[in-house]
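The next block holds one structure in the form of structure tokens; read it before the comments.
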Amino acid sequence: MSAAELVQTAKAMVAKGKGILAADESTGTIGKRFDSIGVKNTEENRRDYRNMLFTAPNFGESISGVILYDETLRQHAPDGTPFPKLLASQGVIPGIKVDTGAKPLAFCSGETVTEGLDGLSARCAEYYKLGARFAKWRAVITIGQGIPSATCIWANAHALARYAAICQEQGLVPIVEPEVLMDGGHTIEQCHEITEWTLSAVFDALYNQRVVLEHMILKPSMVISGKDCAAQAGVKEVAERTLTVLKRTVPSAVPGIAFLSGGQRDAVATAHLDAMNRLGGGPWTLSFSYGRALQAAALKTWKGTSANVAAAQAAFAHRARMNGLAAVGQYRGELEKKAA
Ligand code: 13P
């Protein structure tokens, strides 16, 4: 596989003022999203919803790539154009989620390890043929009573590194996603410590599996207070702590870091990214790879009705634009009010 193509793809994924749309919800997860707007979880509705996102006018100005789910990668727009081709025709790179989910980790109650390594090489080769140029694998780390365990951290780091090496060998840029969940009552200090441990372990494992750092994108969670923590840290502290942890753990050879939103309110996720870039960022590009924080407003507006498509697309394009500005430290809260 061509190293030049991997470098070019990785750089394009974090091009200036652009980020990634995570639209790779599994059939079960998109079902939960549809439940919230009273829409049935049918293949046709899933296709119509994704088609609404992928045909939003000019969304490629702020979105460099879209992560798809297996079913979506094989679906077509109503005019018969395969979704990967529809995206590529707008200069948007198609990507694919390749893990098969977080499953209970033996001997580690309350913890998971992400599966999907068996047969991964052949699946990546097929995905490349179908038009994908990058992939995603999400590992989940939970903070709680006595957890995470070292067993969980190392099992997930190892799986992420095995996945990343296989992707690179098959010509796909791996998005390496170790998510420290914001669920729970933990403090930002605890999140800081666990995120630093997790990222250190992940880069150790990446080195051991011979992963080329120039050919990958890191997708971390931000260092943030637990959802149920009484003392919620402000934007400045989140930005400062996240930058501190990343500078300690992520080599400068990594071209870009694209954050997940992880359940943060959409404008808050934007403000955090913006604050990090205003603080000067780091040696890597700091961008976004949001799922919920890019889609929540569009989903609520769409409600499964074709008459709402244009308004839903406008809501999605607005969030994409706001995050594109945050990726270069030029977001301002007033821009939200103007749009409303
Ligand atoms: P969220 O931004 O909603 O966390 O989703 C990003 C993602 O791809 C999770 O794997």
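Side-chain atoms are counted along with the backbone in the values below, which use heavy atoms only and exclude waters and symmetry mates. Numbering of residues begins at 1 and proceeds along the displayed sequence. Counting starts at 1 for both ligands and their atoms, in listed order. Please read all numbers here as calculations on a predicted model, not as lab measurements.
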Salt-bridged, Lys32 to Glu25, with N to O below 4.0 Å? no

For Gly329 and Asn277 the tightest heavy-atom approach is N-CB, 3.7 Å

Check: of Ser261, Gly262, Ala22, Ala293, min heavy-atom distance to atom 2 (O) of ligand 1 comes from Ser261

The single option from Arg138, Arg50, Lys136 that satisfies salt bridge (charged side-chain N to carboxylate O under 4.0 Å, His left out) with Asp24 is Lys136

Worksheet item: For ligand 1, is there an atom lying under 4.0 Å from some heavy atom of Lys136?
Response: yes

Exercise for the section: Determine, for Glu177 against Lys97, whether the closest basic-nitrogen to carboxylate-oxygen distance falls under 4.0 angstrom. Expected result: no

**Request:** Examine Lys219 against ligand 1 and note whether any of their N/O atoms are separated by less than 3.5 Å.
**Result:** yes

The protein heavy atom nearest to atom 9 (C) of ligand 1 is Glu177 OE2, 3.2 Å

Ligand 1 to Arg292, heavy atom cutoff 4.0 Å, flagged ligand atoms 1 (P), 2 (O), 3 (O), 4 (O)

Separation between CZ (Phe54) and CZ (Phe316), nearest 0.5 Å, reads 8.0 Å

Note: ligand 1 atoms sitting under 4.0 Å from heavy atoms of Gly291 are 1 (P), 2 (O), 3 (O), 5 (O), 6 (C)

In ligand 1, the atoms that come under 4.0 Å of a heavy atom of Ser289 are 6 (C)

Next item on the list: Examine ligand 1 and decide if any of its atoms is less than 4.0 Å from a heavy atom belonging to Ala269.
Entry: no

OH of Tyr163 to CG of Asp99, rounded to nearest 0.5 Å, is 8.0 Å

For Tyr290, the atoms of ligand 1 under 4.0 Å from one of its heavy atoms are 2 (O)

Q: Apply salt bridge (charged side-chain N to carboxylate O under 4.0 Å, His left out) to Arg241 and Glu193, showing your working.
A: CA-CA 10 Å; Arg241 284 188 183 272; Glu193 183 190 328; over 6 Å; no

